[in-house]
Amino acid sequence: MKIAFALAGAAMFATTATAQADNIIRSVNIDDLEALALQAGHQVIGFGELGDISVHARTPSDIDYYMTGTACEAGSCQGINFSARYAADDTVTLQKVNQSNVQRAAVNVWLMNGTTLGISRYVILDGGMTEENIVFNRDNFLAIVPEVLDMFVEGAG
């Protein structure tokens with residue numbers, strides 16, 4: 001009887017593992033990035049602005065962001081960089097950039113050429129990731145962007 005339960009358990013595990021393996025994403029292309037934006041109800045603004053495999057999208061709450069494929073070969077990419085970019089004014093100091101990196105460790109905040117404030121989150125697909133996890137990473141990134149921007153409002157931080 002124990003053998004029958006063990007075999008049934010092994011068969012159930014194998015079925016579950018197969019179902020999960022079918023949902024694993026190991027690379028993305030430009031169409032996948034576009035679908036990722038559209039499935040969320042986001043507007044696609046453009047393609048190729050930050051590289052051949054990149055999509056510029058806008059959320060219903062007017063957050064403009066980019067999804068850029070990284071580690072690409074023949075149009076297939078093993079990573080996704082989610083980023084948002086804003087014009088930097090005198091409220092964007094290196095001290096605030098450093099502070100925001102400490103307080104919002106799930107994203108990377110950077111200042112480029114003293115004129116662009118950037119916020120990004122990088123996802124590696126090399127070993128595979130579920131679509132649900134990719135969506136979760138995108139949504140977390142988009143939830144943190146306004147929090148980071150609030151840190152640069154005059155008098156904040």
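Please read all numbers here as calculations on a predicted model, not as lab measurements. Note that the numbering runs from 1 along the sequence shown for the chain. Heavy-atom basis, side chains included; hydrogens, waters and symmetry copies ignored.
- Not a single donor-acceptor pair under 3.5 Å links the side chain of Thr68 to the backbone N or O of Ser54.
- By the rule that hydrophobic residues join a cluster once side-chain heavy atoms approach within less than 4.5 Å of another member, Val123 and Leu50 end up as members of separate clusters.
- Between Phe152 and Thr93 the shortest side-chain heavy-atom distance does not fall below 4.5 Å.
- Side-chain contact between Cys77 and Val28: present, with at least one pair of heavy atoms (C-beta onward) separated by less than 4.5 Å.
- Among residues at least two apart or in separate chains, salt bridge (Lys or Arg N to Asp or Glu O under 4.0 Å) pairs with a member in residues 97-109 are Arg104-Glu147.
- Contacts classified as side chain to side chain donor-acceptor pair (under 3.5 Å) and involving residues 31-42 (residues at least two apart or in different chains) are given here: His42-Tyr65.
- Both Leu149 and Leu94 belong to a common hydrophobic cluster when Ile, Leu, Val, Met, Phe, Trp and Tyr are linked at side-chain heavy-atom distances under 4.5 angstrom.
- The distance from the CG atom of Leu33 to the CG atom of Leu38 is 11.0 Å, given to the nearest 0.5 Å.
- Under the 4.5 Å side-chain criterion, counting only non-hydrogen atoms from C-beta, Cys72 is not in contact with Asp52.
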Given the rule in the side chain to side chain contact (heavy atoms under 4.5 Å, CB included) test, do Leu36 and Val135 qualify, once you have shown the distances and angles that lead to the verdict? CA-CA 8 Å; Leu36 190 59; Val135 167; 3.7 Å; yes

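- The closest donor-acceptor contact from the side chain of Ser100 to the backbone of Val97 lies under 3.5 Å.
- For residues 112-131, no residue pair satisfies the salt bridge (Lys or Arg N to Asp or Glu O under 4.0 Å) rule, not counting sequence neighbours.
- Scanning all heavy atoms of the two residues, the minimum distance from Val44 to Ala37 falls at CG2-CB, 4.1 Å.
- With sequence neighbours excluded, the residues forming a salt bridge (Lys or Arg N to Asp or Glu O under 4.0 Å) with Arg58 are Asp64, listed by chain and number.
- Other members of a hydrophobic cluster containing Phe136 are absent, since no ILVMFWY side chain comes under 4.5 Å of it, directly or through relayed contacts.
- The number of heavy atoms from other shown groups lying within 6.0 Å of CD1 (Ile124) does not exceed 12.
- In this structure, CD1 on Ile80 lies 4.5 Å from CD1 on Ile134, to the nearest 0.5 angstrom.
- Rounding to the nearest 0.5 Å places CZ of Phe82 at 9.0 Å from CG of Asp139.
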Do any side-chain atoms of residues 106-120 form donor-acceptor pairs under 3.5 angstrom with protein atoms, and if so which ones, sequence neighbours left out?
| unit_1 | atom_1 | unit_2 | atom_2 | d |
| --- | --- | --- | --- | --- |
| Trp110 | NE1 | Ser120 | OG | 3.2 |

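- Rounded to the nearest 0.5 angstrom, Asn133 CG and Ile24 CD1 are separated by 9.0 Å.
- Considering CZ of Arg26 and CE of Met129, their distance stands at 11.5 Å, rounded to 0.5 Å.
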Side chain to side chain contact (heavy atoms under 4.5 Å, CB included) between Tyr86 and Val145, worked out: CA-CA 11 Å; Tyr86 298 91; Val145 167; 3.4 Å; yes

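- We find the OG1-CE distance between Thr91 and Met151 to be 12.0 Å, quoted to the nearest 0.5 Å.
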